[in-house]
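Everything below concerns the one structure shown next.
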Amino acid sequence: MLISASFNEDQMHELIADLQILIRQPSISATSEGLEQCAILISNMMKNAGIDSELLYLDIEDQIESGITKQVPPIVFGEVKSKSNPHSKTILFYNHYDVQPVDPIEKWNEDPFSGKVVGNLIYGRGSSDDKGELITRLKAVEFILQKTGDVPCNIKFLVEGEEEIGSPNLSDYVRKYKQKLDCDLVIWESGYVDKDQRAIISLGQKGILNTEISVNGPSRDIHSSLAVAIENPAWKLVNLLSLLYDSKDGKILIDGWYNEVKPLTEKELQVLADEPFNEAAFKKEYGISNFINNQKSYEIKKALALEPSCNISGLSSGYTKKGVKTILPAVASAKLDFRLVPEMDPKIQFERLINYLRAKGFSEQEVSIKYLSGEPAYRTPVDSQYVKLVVNSASKIFSGVILNLSSSGTGPMYVFKDILGVDSICIGSTVLPNKMHSPNEFTNLDLLHKGTNCFIEIINNFSKFPGNMSEEKQ
C-alpha cells in the first residue's frame, strides 16, 4: 500500500528528540569512544520504529592484525520485509554512526554533544554527518509503518561505525554478510541541498590513496652551522615534492598517473554542463581570489568531480614551536592524499609513485614511502533507471534537482558494486556549507523535514519496480 500523507510538525518534534539523543552519545571512531553504545542506541531506535534490527560482528579471526586483536565496531543491520509486496526489489540505506573528533574544542560555541536547537538549526557533532541524515531515513520508514502497518517494498539498513577513518573493515563485513545485505540499490549516507533549496543528487565518489614520505638525514638533530656540509632532509623533501605536482596547472607529474582516466560520454558531458556552479560564492566561502591556473567555472566543476588530485595534507620537520632553535633536523616527512577517479587502483598508483621516485634517484635508504590507506572510486551510470526514480522523487519535495556526476570526496561506494553488484545514489538534506568536520557543525531542521518526505517518496516509487532482486546486476 502506498502512502500519500506527509511527515507533519508533530512527528518532527519526535525526529528532533531522537536526533538529540544520537548527538548526545559521542561516537568518535578515531579514538573508539562510545561506538558500541551508539550502535546499541540505533538498533533500539530501529526496533521501536518497527524495524527488525541486530548488531553484526566480524569473527574474531577477522579482527586480528599483526597478532593484536582489533576492536572492530559492529554494524547495525535493520530490515523490514514488505508483507503486501514480498517479491519486490530491495532498497538498502547505507549510513554511519561514527563522527569526527571535536578538536579544537575551544572553537565550539556550545558543548559539541549538546544537540542544542537554535531557531531552524540543530548543533552538535554528527548533526549533519551523519546522524541527521540517518534519522531522516529511519523516520521515513517509521512513518510509513505507522500509517499502513506495512512497507511497499523491502527495505534494509547498514549503519557502520568506521566511515570517518576510511571504512577499513566494511569490505570484510559486506563479504561476510553478503546474503543478508543483498539488495538492488543503495541510497548513500549523505546528500546536499543548495541555497535555492535544490537537491543535489550525486552519482559517485572519488577514490583516494593516502601515503607518507619520509626523508632521512643525520642520525640526530644537529647544529645548523653544519648545513654547509650536511644535507638537510627538509630541503630534499621540498625538492622531492616539487617533482610530484605542477602547482601552476594542477597536473600530477608521476609517470603513467593518468593512464586509466577515461573521457566522459556525451550524456556525462551534458550533466556536467547543466550543473550550476557559483564561482563567486565558492571563492568567498573559502577565502580565495582565483582558482589554480585561473580556471573558470566549467573547468573547476570538471576537476572537482572527475579529475585526480595530489594534495599535501601535512608537513613535519625540525623545530616549529615558539622562538628559535637552530638545528638541522634528522628527518622530514610529508603526508599526501591523492584523489582518484574510476578505474584507478590505489595500490597500482602507489607502485607508480614508488617507481617514479626511485627513478629520480631517491633511494630506499634515504627515502621511505609508506602506503597508509586507499579506496577505489566508483560512479553510477547516468542512464540508470534508479537515477530517474530518485530525481523524480526529489523533484516533488525540493524546489529543484541538480544532478552531479561525482562528489569530490571519498567513500566506500565501490564496495557495494564490487561485492553486491549494485549501484549507489547520494541524496540527503544537508545544506552547503554546514561545518561538518569543523567546530559548530549544524544541520537545518526544515531540510530534515523535507529529507524525510523525500525518502517516503523514494520508497513509494521504488515499490513500483517489478521483479525480484538482482535482475539488473552485472
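Position 1 is the first residue of the sequence, and the numbers go up from there.
In this structure, the side chain of Ser127 does not engage the main chain of Tyr123 through any donor-acceptor pair within 3.5 Å. Checking side-chain atoms of Asn434 against main-chain N and O of Thr430 turns up no donor-acceptor pair under 3.5 Å. The closest donor-acceptor contact from the side chain of Ser317 to the backbone of Val331 lies under 3.5 Å. No donor-acceptor distance shorter than 3.5 angstrom exists from the side chain of Asp194 to the backbone of Ile200, with no hydrogens or angles considered. Between the side chain of Asp184 and the backbone N or O of Lys89 there is no donor-acceptor pair closer than 3.5 Å. Remark: side-chain polar atoms of Ser384 are not paired, donor with acceptor, to backbone N or O of Pro381 under 3.5 angstrom. Between the Gln25 side chain and the Leu22 main chain, no donor and acceptor come within less than 3.5 Å of each other. The backbone N or O of Lys83 lies less than 3.5 Å from a partner atom in the side chain of Asp150, making a donor-acceptor pair. When atom types are taken as modelled, the side chain of Arg137 and the backbone of Glu133 share a donor-acceptor pair closer than 3.5 angstrom. Here the side chain of Ser82 pairs a donor or acceptor atom with the backbone of Val151 at under 3.5 angstrom.
In the model, Lys464 has a side-chain atom that pairs as donor or acceptor with a side-chain atom of Asn461 under 3.5 Å. In this model, no donor atom of one side chain and acceptor atom of the other lie less than 3.5 Å apart for Arg24 and Ser114. At a cut-off of 3.5 Å, with distance as the only test, no side-chain donor of Asp337 or Asn210 sits close to an acceptor on the other residue. No donor-acceptor contact under 3.5 angstrom links the side chains of Tyr94 and Glu163, judged on distance only. Under the 3.5 Å distance criterion, with hydrogens and angles disregarded, no donor-acceptor pair is assigned to the side chains of Ser43 and Glu54.
A salt bridge links Glu457 to Lys396: one of the charged nitrogens lies within less than 4.0 Å of a carboxylate oxygen. Under 4.0 Å is where a charged nitrogen must lie from a carboxylate oxygen, and between Glu299 and Lys302 no such pair does. The pair Glu268-Arg379 meets the salt-bridge criterion, with a side-chain N (NZ, NE, NH1 or NH2) lying under 4.0 Å from an Asp/Glu carboxylate O. A salt bridge between Lys81 and Asp52 is absent, with no side-chain N of the basic residue lying under 4.0 Å from a carboxylate O of the acidic one. With salt bridges taken as basic N to acidic carboxylate O contacts below 4.0 Å, one links Arg352 and Glu260. Classification of Asp423 and Lys417 as a salt-bridged pair holds, one side-chain N sitting under 4.0 Å from a carboxylate O.
Counting all heavy atoms, side chain and backbone alike, Arg125 lies closest to Pro439 at NH2-N, 4.4 Å. The shortest heavy-atom contact between Lys107 and Asn440 is O-ND2, 3.0 Å. Considering every non-hydrogen atom in both Ala334 and Leu315, the closest pair reads CB-CD2, 3.6 Å. The minimum heavy-atom distance between Ser438 and Trp108, with the atom names listed, is O-CZ2, 3.7 Å. The shortest non-hydrogen separation linking Ile402 to Glu275 is CG2-CG, 3.7 Å. Here the closest non-hydrogen pair linking Ser167 and Glu160 is OG-OE2, 2.6 Å.
Put simply, the residue from His96, Gln37, Glu33, Lys131 that forms a side chain to side chain donor-acceptor pair (under 3.5 Å) with Ser27 is Lys131.
Note that the CG atom of Leu134 and the OH atom of Tyr97 stand 11.5 Å from one another [nearest 0.5 Å]. Remark: Glu142 CD to Ile51 CD1 distance equals 7.5 Å, nearest 0.5 Å. Atom CG in Asn154 sits 4.0 Å away from atom OG1 in Thr90 (nearest 0.5 Å). Atoms CD1 and CG, from Ile456 and Asn460 in turn, are 8.0 Å apart once rounded to the nearest 0.5 Å.
The side-chain heavy atoms of Lys180 and Lys156, taken from C-beta on, include no pair separated by under 4.5 Å. Counting only heavy atoms from C-beta outward, the side chains of Cys454 and Ile427 approach each other to under 4.5 Å. By the 4.5 Å heavy-atom criterion applied to side chains, Leu185 and Phe465 are not counted as neighbours. At least one side-chain heavy atom of Met46 sits under 4.5 Å from a side-chain heavy atom of Phe157. In this structure, the side chains of Phe277 and Phe282 come closer than 4.5 Å at one or more pairs of heavy atoms.
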**OP:** Dump the intermediate steps for side chain to side chain donor-acceptor pair (under 3.5 Å) on Glu366 and Asn216, then the final yes or no.
**Re:** CA-CA 5 Å; Glu366 293 177 304; Asn216 300 312; over 6 Å; no
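Under the 6.0 Å cut-off for aromatic ring centres, Tyr386 and Phe462 qualify, their centroids lying closer than that. Separation of the Phe338 and Phe350 ring centroids does not fall under the 6.0 Å cut-off.
Taking the ring axis of Tyr245 as reference, the NZ or CZ atom of Lys251 does not stay both within 45° of it and closer than 6.0 Å to the ring centre.
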